[in-house]
Amino acid sequence: INTSIALADTEEEKTYTISRLMSDDKEFLDFCAVNNLKFGNTFLVSKQFSKNKMTQITINNNNIMLLNETFTKNIYVNVLD
């Protein structure tokens, strides 16, 4: 059973692991690679900005990143219990 959801649809203050990158766009994939957004990596969703359609994530407790909906609709994740 695939329980993956788009990063855009995640909840604040929950930790997720990356299950899929749903794009073949080189620029998107390069950005993900450089910023350690790779299959199996985990991060915290620290804030969802619904009005601006942005998601703030925290990786390794210190690397904070703000991603727009173009990215968050293409990154699929599973919640960690």
Side-chain angles (χ1 to χ4, degrees):
I1 298 172
N2 186 353
T3 56
S4 294
I5 58 171
L7 179 54
D9 301 323
T10 57
E11 296 177 46
E12 292 180 0
E13 298 303 317
K14 289 197 173 183
T15 301
Y16 295 86
T17 183
I18 297 175
S19 59
R20 286 184 288 161
L21 300 176
M22 297 291 290
S23 176
D24 57 4
D25 177 64
K26 183 179 180 339
E27 196 172 49
F28 170 78
L29 295 173
D30 287 348
F31 174 86
C32 289
V34 165
N35 289 285
N36 219 19
L37 297 173
K38 300 174 184 171
F39 175 82
N41 286 4
T42 61
F43 57 85
L44 174 74
V45 172
S46 32
K47 185 108 176 92
Q48 286 285 18
F49 298 92
S50 54
K51 188 176 179 182
N52 298 320
K53 298 186 175 175
M54 304 281 278
T55 302
Q56 180 177 304
I57 65 172
T58 306
I59 304 172
N60 300 329
N61 294 322
N62 60 6
N63 184 9
I64 297 171
M65 208 177 309
L66 193 59
L67 301 171
N68 70 23
E69 191 179 50
T70 304
F71 281 79
T72 60
K73 289 280 188 191
N74 288 313
I75 298 173
Y76 277 73
V77 298
N78 290 315
V79 67
L80 289 183
D81 295 326

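The residues of the chain are indexed from 1 along the displayed sequence. Bear in mind that the values here come from a model prediction, so they are computed numbers and not experimental data.
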Side-chain atoms of residues 28-45: list all donor-acceptor pairs with protein atoms under 3.5 Å, sequence neighbours left out, distances to 0.1 Å.
from  : atom 1 : to    : atom 2 : distance (Å)
Asp30 : OD2    : Lys26 : NZ     : 2.6
Asn35 : ND2    : Phe31 : O      : 2.9
Asn36 : OD1    : Asn41 : ND2    : 3.3
Asn41 : ND2    : Asn36 : O      : 2.9

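- Under the 6.0 Å distance and 45° angle rule, Lys73 does not count as a cation-pi partner of Phe71.
- Counted by atom type alone, Ser46 and Glu13 present zero donor-acceptor pairs between their side chains at under 3.5 Å.
- Atom CE of Met22 and atom CD1 of Ile75 lie 12.0 Å apart (nearest 0.5 Å).
- Within the 4.5 Å cutoff, the side chain of Ile64 has no heavy atoms near those of the Ile57 side chain.
- Once rounded to the nearest 0.5 Å, the distance linking CG of Leu66 with CD of Gln56 reads 6.0 Å.
- Taking all atoms of both residues into account, the shortest heavy-atom contact from Asn62 to Thr58 is N-CG2, 3.9 Å.
- Rounding to the nearest 0.5 angstrom, the gap separating the OG1 atom in Thr17 from the CG atom in Leu80 is 5.5 Å.
- One hydrophobic cluster holds both Val79 and Ile59 under the rule that ILVMFWY side chains link at heavy-atom gaps under 4.5 Å.
- For the atom pair CZ (Arg20) and CG (Asn74), the distance works out to 10.5 Å, reported to the nearest 0.5 Å.
- Between Ile5 and Val77, some side-chain heavy-atom pair lies under the 4.5 Å cut-off.
- Partners of Ser4 by side-chain hydrogen bond (donor to acceptor under 3.5 Å, both in side chains), not counting sequence neighbours, listed by chain and number: Asn2, Ser19, Asn78.
- Asn52 CG: more than 12 foreign heavy atoms inside a 6.0 Å radius.
- Taking 4.5 Å as the limit, some side-chain heavy atom of Thr10 sits within range of a side-chain heavy atom of Gln48.
- Counting heavy atoms from C-beta on, the side chains of Glu11 and Tyr16 come closer than 4.5 Å.
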